[in-house]
J.: 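Please read through the structure below; I'll follow up with questions.
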Amino acid sequence: MDKYKIEQAVRLFLEGIGEDPEREGLMDTPARVGNMCEELFAGMSESADIHLSKTFTADTHGLVVERDITFYSLCEHHLLPFYGKVHIGYVPDGKVVGLSKLARTVEVYARRAQIQEQLTAQIADAVMEYLNPKGVAVMIEAEHMCMTMRGIKKPNTITASIECRGCMRSDSELRDTFLRLIR
């Protein structure tokens, strides 16, 4: 990440909206935004394999669900936040992963500029690739600030997206169980 470029862009942005970047309250804003970007876009330099590669042998084939994983991301269209909950369900095939690792995987992909639909698919694909379960389902429910504070201005509108892989796609009963468990 090039913090210098970010700081320069913020200065130009402030000038562009008619502000004085040298004004007392704004003098440190470019540096603060640069630091914020390091945090908000940390997923750009991470891979899910660092979290999902450590697995444990488990002789279980039942559905494992971790729900209500809070996340924050930035819409790639307006660079405004969208945030909400991620629900992950998977059917192990001889190995499981530590529960915190699923939440960490969400963070890898949420900490990028992107769209909710892509975020949902990335999490599902990562769990399938690195954990190798029989199937996975990922559902995201989120509020988008581009819908709330600008444009149509409809606060509390929730967008839901779901991606299913393997047996979670082909077995409607299993998928329905996942949907019941996350409610």
Side-chain angles (χ1 to χ4, degrees), residues 1-54 66-88 97-131 136 138-163 182:
M1 182 166 302
D2 189 336
K3 281 179 57 173
Y4 176 77
K5 283 186 177 182
I6 293 167
E7 290 177 19
Q8 293 301 99
V10 171
R11 281 186 192 85
L12 286 172
F13 173 80
L14 291 170
E15 290 172 1
I17 63 169
E19 273 289 358
D20 175 9
E22 298 304 315
R23 183 168 62 81
E24 181 184 6
L26 294 176
M27 281 177 35
D28 294 330
T29 296
R32 284 192 294 266
V33 172
N35 291 335
M36 176 190 71
C37 285
E38 280 187 328
E39 182 179 342
L40 294 182
F41 298 104
M44 297 293 294
S45 60
E46 278 191 61
S47 174
D49 69 333
I50 65 172
H51 303 298
L52 295 175
S53 61
K54 174 86 170 122
E66 187 165 340
R67 67 178 214 193
D68 296 331
I69 303 167
T70 301
F71 80 95
Y72 301 91
S73 192
L74 287 171
C75 168
E76 66 186 29
H77 299 142
H78 301 99
L79 293 182
L80 286 172
F82 68 98
Y83 56 90
K85 303 287 185 183
V86 176
H87 317 289
I88 302 172
V97 68
L99 296 178
S100 71
K101 304 308 184 193
L102 294 174
R104 291 180 191 281
T105 298
V106 168
E107 286 300 300
V108 166
Y109 296 108
R111 296 294 179 174
R112 301 173 182 193
Q114 69 159 302
I115 60 174
Q116 179 176 334
E117 299 87 344
Q118 178 178 293
L119 175 59
T120 311
Q122 287 172 330
I123 295 166
D125 290 342
V127 172
M128 283 301 287
E129 180 178 351
Y130 298 112
L131 194 51
V136 65
V138 175
M139 182 176 183
I140 296 180
E141 299 171 292
E143 183 170 355
H144 293 249
M145 289 292 98
C146 58
M147 289 267 300
T148 297
M149 64 185 288
R150 60 154 304 278
I152 195 155
K153 297 181 182 91
K154 296 296 178 198
N156 303 314
T157 301
I158 302 299
T159 300
S161 54
I162 188 167
E163 287 285 340
I182 64 173

J.: With a sphere of 6.0 Å drawn around CE of Met1, does it hold more than 12 non-hydrogen atoms of other residues, nucleotides or ligands?
T.: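 Yes, enclosed.
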J.: Using the side-chain contact (heavy atoms from CB on, under 4.5 Å) rule, take Gln122 and Asp125 through it: C-alpha gap first, then chi angles, then the decisive distance, then the call.
T.: CA-CA 5 Å; Gln122 287 172 330; Asp125 290 342; 5.8 Å; no
J.: Which residues pass the side chain to side chain contact (heavy atoms under 4.5 Å, CB included) test with Glu117, sequence neighbours left out?
T.: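 Applying side chain to side chain contact (heavy atoms under 4.5 Å, CB included) to Glu117 gives Ile115.
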J.: Stepwise, does the side-chain hydrogen bond (donor to acceptor under 3.5 Å, both in side chains) test hold for Thr159 with Gln116?
T.: CA-CA 8 Å; Thr159 300; Gln116 179 176 334; 4.7 Å; no
J.: Just wondering, do Asp20 and Leu26 contact through their side chains at under 4.5 Å, heavy atoms?
T.: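 Leu26 does not reach Asp20 side chain to side chain.
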J.: Can a donor-acceptor pair be found, under 3.5 Å and without considering hydrogens, that links the side chain of His87 to the backbone of Asp68?
T.: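 Checking the backbone N and O of Asp68 against the side chain of His87, a donor-acceptor pair under 3.5 Å is found.
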J.: Identify the two heavy atoms, one from Ala113 and one from Leu79, that lie closest to each other, and give their separation to 0.1 Å.
T.: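 Of all heavy-atom pairs spanning Ala113 and Leu79, the closest is CB-CD2, 4.2 Å.
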J.: Let me know which of Ile123, Val138, Val86, Val127 forms a side-chain contact (heavy atoms from CB on, under 4.5 Å) with Leu102.
T.: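 Testing each of Ile123, Val138, Val86, Val127 against Leu102, the sole residue satisfying side-chain contact (heavy atoms from CB on, under 4.5 Å) is Val127.
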J.: For Met147, which residues count as a side chain to side chain contact (heavy atoms under 4.5 Å, CB included) partner, sequence neighbours excluded?
T.: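 If we apply the side chain to side chain contact (heavy atoms under 4.5 Å, CB included) test to Met147, skipping adjacent residues, the hits are His144, Ile152, Thr157.
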J.: List the residues meeting ring pair (Phe, Tyr, Trp, His ring centres under 6.0 Å) with Tyr130, not counting sequence neighbours, and say none if there are none.
T.: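 Once residues adjacent in sequence are excluded, Tyr130 has no partner under the ring pair (Phe, Tyr, Trp, His ring centres under 6.0 Å) criterion.
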J.: What heavy-atom pair brings Ile6 and Cys37 nearest, and what distance separates the two atoms?
T.: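 Here Ile6 and Cys37 meet closest at CD1-CB, 3.8 Å.
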J.: Drop me the distance from Met27's CE to Leu14's CG, to the nearest 0.5 angstrom.
T.: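 It is 13.0 Å, given to the nearest 0.5 Å.
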J.: Which residue is it: Arg112, Arg111, His51? I am looking for the one with a side chain to side chain donor-acceptor pair (under 3.5 Å) to Glu46.
T.: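 Exactly one pass, corresponding to His51.
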J.: Report the distance from atom SG of Cys146 to atom CG of Leu80, rounding to the nearest 0.5 Å.
T.: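 Interatomic distance, Cys146 SG to Leu80 CG, rounded to 0.5 Å: 6.5 Å.
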J.: For Ser47 and Ile50, which heavy atoms make the closest approach, and how far apart are they?
T.: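 Closest pair (atom of Ser47, atom of Ile50, distance): O-CG1, 3.2 Å.
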J.: Supply the atom-to-atom distance Leu52 CG to Leu131 CG, rounded to the nearest 0.5 angstrom.
T.: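 One gets 6.5 Å once the value is rounded to the nearest 0.5 Å.
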J.: Rounded to the nearest 0.5 Å, what's the gap from NZ on Lys101 to CD on Glu66? Could you check?
T.: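 Lys101 atom NZ to Glu66 atom CD measures 11.5 Å (nearest 0.5 Å).
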J.: Please check: side-chain N/O of Gln114 versus main-chain N/O of Glu76, any donor-acceptor pairing under 3.5 Å?
T.: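 Pair absent, no side-chain N/O of Gln114 close to backbone of Glu76.
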J.: Do the two ring centres, one from Tyr72 and one from Phe82, sit under 6.0 Å apart?
T.: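 Centroid separation for Tyr72 and Phe82: 6.0 Å or greater.
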J.: If the test is side-chain contact (heavy atoms from CB on, under 4.5 Å), which one of Leu99, Val106, Thr105 qualifies with Ile88?
T.: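 Among Leu99, Val106, Thr105, the one that satisfies the side-chain contact (heavy atoms from CB on, under 4.5 Å) with Ile88 is Val106.
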J.: Using a 3.5 Å distance criterion without hydrogens, assess whether the side chain of Glu143 forms a donor-acceptor pair with backbone atoms of Thr148.
T.: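 Here the side-chain-to-backbone pair does not exist.
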J.: Could you tell me which non-hydrogen atom of Ser73 sits nearest to which non-hydrogen atom of Ala110, and how far apart they are?
T.: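 The answer is OG-O, 2.7 Å.
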J.: Rounded to the nearest 0.5 Å, what separation is found between the CD atom of Glu19 and the CZ atom of Arg23?
T.: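 These two atoms lie 4.0 Å from each other.
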J.: Can you confirm whether Arg11 is buried at CZ, in the sense that more than 12 heavy atoms of other residues, nucleotides or ligands lie under 6.0 Å from that atom?
T.: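 More than 12 within 6.0 Å, yes.
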J.: Measure across Arg32 and Gly25 and return the closest heavy-atom pair with its distance rounded to 0.1 Å.
T.: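 Of all heavy-atom pairs spanning Arg32 and Gly25, the closest is NH2-O, 3.4 Å.
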J.: Flag yes if more than 12 heavy atoms outside Lys54 fall under 6.0 Å of its NZ atom; otherwise flag no.
T.: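 Result for NZ/Lys54: open.
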J.: Please report the closest heavy-atom contact between Phe71 and Lys85, naming both atoms and the distance.
T.: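 So the minimum-distance heavy-atom pair works out to CE2-N, 3.7 Å.
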J.: With rounding to the nearest 0.5 Å, note down the distance linking OG in Ser45 to CD in Glu38.
T.: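 Taking OG in Ser45 and CD in Glu38, the distance rounds to 9.5 Å.
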